[in-house]
Structure formats: structure tokens, C-alpha cells
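The structure appears below as C-alpha cells.
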Number of protein chains: 2
Amino acid sequence: MKPPHDSGRCRQANEVISLVGDKWSVHIVMLLGTGRKRFMEIKRAVDGISQKMLTITLRGLERDGYVTRTAYPTIPPKVEYELTDLGRELLVPLDALGSWALANHARVVAARAAYDGRGLPQAAE
Amino acid sequence: MKPPHDSGRCRQANEVISLVGDKWSVHIVMLLGTGRKRFMEIKRAVDGISQKMLTITLRGLERDGYVTRTAYPTIPPKVEYELTDLGRELLVPLDALGSWALANHARVVAARAAYDGRGLPQAAE
DNA sequence: CGGAATCCTTGACGATACTG
DNA sequence: CAGTATCGTCAAGGATTCCG
């Protein structure tokens, strides 16, 4: 990890953006944008994530200050997660990216088809 | 891969956003926002990326329609990469996210420090 | 229910060497 | 200079099991 061309700016930005890399993080932040949720609620909503990854992802988001974890010492246990102010603010540029992605999804798919189809029509997916 | 809560929207968005996961892709798109660049220029600018990853990343960006590849059949070869319209448009939400990340980097770092320091001062990283 | 711990598979990525 | 090919590593992440 060496700062490339514009000093440490890229590194700092990357440090924050890196969580976008985890597809789970983005998904969960978006979901929590709806309101506070319990552990299993999130798990069911995301569907496809393992408990392990959900726990790890939530830990990461909590550590970075995007979500708060509230545990009620009841039996059975009940833990709720909610976006912090920082998390809600993150939602703004994240939504913008999401909207752009959704709006331009067709263009990307078309570009892929064009790229894949040029010169090798026999090679199916 | 089953559509979770809001049908295929998430999947579609994710399909596009996934390239943000590759820290290389974002970096390169940002760099090419400056103008067309040659292969080695990019490699030198990013510094830390291997030829292999650079080639793969550029291929992916080209396939998705974000960059164009122009090869001049000279000796020695000369290949230039440039953002397409789609790529330049992607730059907008990407820059927004980058700006946000940079602006809030300190808050994230502070949150991390607070999280790491609470209750286990002896446990270094 | 929420989460920790363990095992194991996969593929992302780096390093290196070779080609045109 | 630009690109491909091959190999080795290493960690992300899934499945499973146990605990409070």
C-alpha cells in the first residue's frame, strides 16, 4: 500500500470506500436505511449471507461508526442494529451510486454482450 | 443468488457496483478521468498494481463499456485507454462518493479508535 | 436468538518468465 | 511496450457446530 500519485488522499478515500467492496456492507446499510432491525431480520432480508459474514460485516460497520448495536439482556437475546448519523449521511452518495447503477444497468449489459459477441459467437457464456 | 427483498433491483445495481469493489477499477477510472493514457502511464500512476491485474482490470472496464482501448500497430506497440461517455458519467457518482469519503475520513478513524479502545486497552491491534 | 469457533474450499492476486 | 501464461500463496467467505 503506497500512496500513488496524489499523496495520501486516495488512500484515505479508499480506506472509507473499501467497505463498498463488501457487497454485504452496502446491502446492509441500505436495508438499515429503512429503520432499526434485529439480527435475524437482517439475515432473512439479505438472504444469501451466512451468520458469520453478517456478524463480521455488522462488526465492521459498527467499528467504523456507521451503525449502533443495542443488545437487550433478555432470554432469548435480542439485538438491534440502527444507522448512526454518519451511516445515514453515507446513504446519500451510496443511493446516488445505486440509482446510477440501476439506471445504467442496461447499458452495461449491452456493452458486455457486444464485447462478448465480437468474434466468438460460438462461446456461450 | 435469490432476489432478497426488493426483487432483482439489488442484484442489478450490485452487478454494476461490484466494480467499485475492485479498488483498482475505481482508481483507474478516476485516473482516466484526467484524459487518455497509455498502458505504462497507468501502471506507473497507480503504482502497486501488477501488469496482470492492470490488464485484467482494463479488460473488465472495457467489457462493461467504461473505457475504450485503442491499439496502434506500431513497433513498439502503443495502446491508449480512454473513458467512454458511460465512464465519464460514472465518474459523477463516483466522485461524490470519493468526496464524501475524504470529507468524513476523520470521523471514521475516530470511530475506529473509539471502538478499538473501549474495554481492551491492552489488546493492541 | 445472537454469536463465536473451527474447518475447508475457492479464487483473487502477486511474481515471474516468455512473446510479438 | 503491451500482453499472455503459469505457478504459488493467502485470505475471503461458506458450512457446520457449540455456547450463553
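Every value quoted in this text rests on a predicted model; they were computed, and no experiment measured them. Per chain, numbering begins at 1; letters A, B, ... match sequence-line order.
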When you check the gap from the basic side-chain N to the acidic O, do [X] and [Y] get nearer than 4.0 Å?
X: Glu15(A); Y: Lys23(B); result: no
X: Arg36(A); Y: Glu41(A); result: no
X: Glu89(A); Y: Arg107(B); result: yes

Look at all strands and tell whether Tyr81(A) reaches a base, only sugar-phosphate, or nothing, counting heavy atoms closer than 4.0 Å.
-> sugar-phosphate
How long is the line joining [atom1] of [X] and [atom2] of [N], in whole Å?
X: Ile49(B); N: dA2(D); atom1: CD1; atom2: P; value: 14 Å
X: Lys43(A); N: dG14(D); atom1: NZ; atom2: C1'; value: 11 Å
X: Glu62(B); N: dA2(D); atom1: CD; atom2: P; value: 15 Å
X: Lys52(A); N: dC1(C); atom1: NZ; atom2: P; value: 22 Å
X: Leu58(A); N: dG2(C); atom1: CG; atom2: P; value: 11 Å
X: Ile42(A); N: dG2(C); atom1: CD1; atom2: P; value: 9 Å
X: Leu54(B); N: dC1(D); atom1: CG; atom2: C1'; value: 12 Å
X: Lys23(A); N: dG11(C); atom1: NZ; atom2: P; value: 12 Å

Please tell me which of Pro76(B) and Gly21(B) maps to the more 5' nucleotide of DNA chain C, matching each residue to the nucleotide holding its nearest heavy atom.
-> Gly21(B)
By nearest-heavy-atom nucleotide on DNA chain D, the more 5' of Met53(A) and Glu41(B) is Glu41(B)
DNA chain D nearest-nucleotide lookup for Arg38(B) and Gln51(B): closer to the 5′ end is Arg38(B)
Among the candidates [options], find the nucleotide nearest to the side-chain atoms of [X].
X: Ser50(B); options: dC1(C), dG14(C), dA2(D); result: dG14(C)
X: Pro77(B); options: dG14(C), dC1(C), dC1(D); result: dC1(D)
X: Arg59(B); options: dA2(D), dC1(C), dT4(D); result: dT4(D)

Please confirm whether Lys37(B) makes a cation-pi placement over Tyr81(B), using NZ or CZ under 6.0 Å from the six-membered ring centre and within 45° of the ring normal.
-> no
Val20(A) vs Leu94(A) side-chain heavy atoms within contact, under 4.5 Å =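 Yes, at least one pair of side-chain atoms sits under 4.5 Å.
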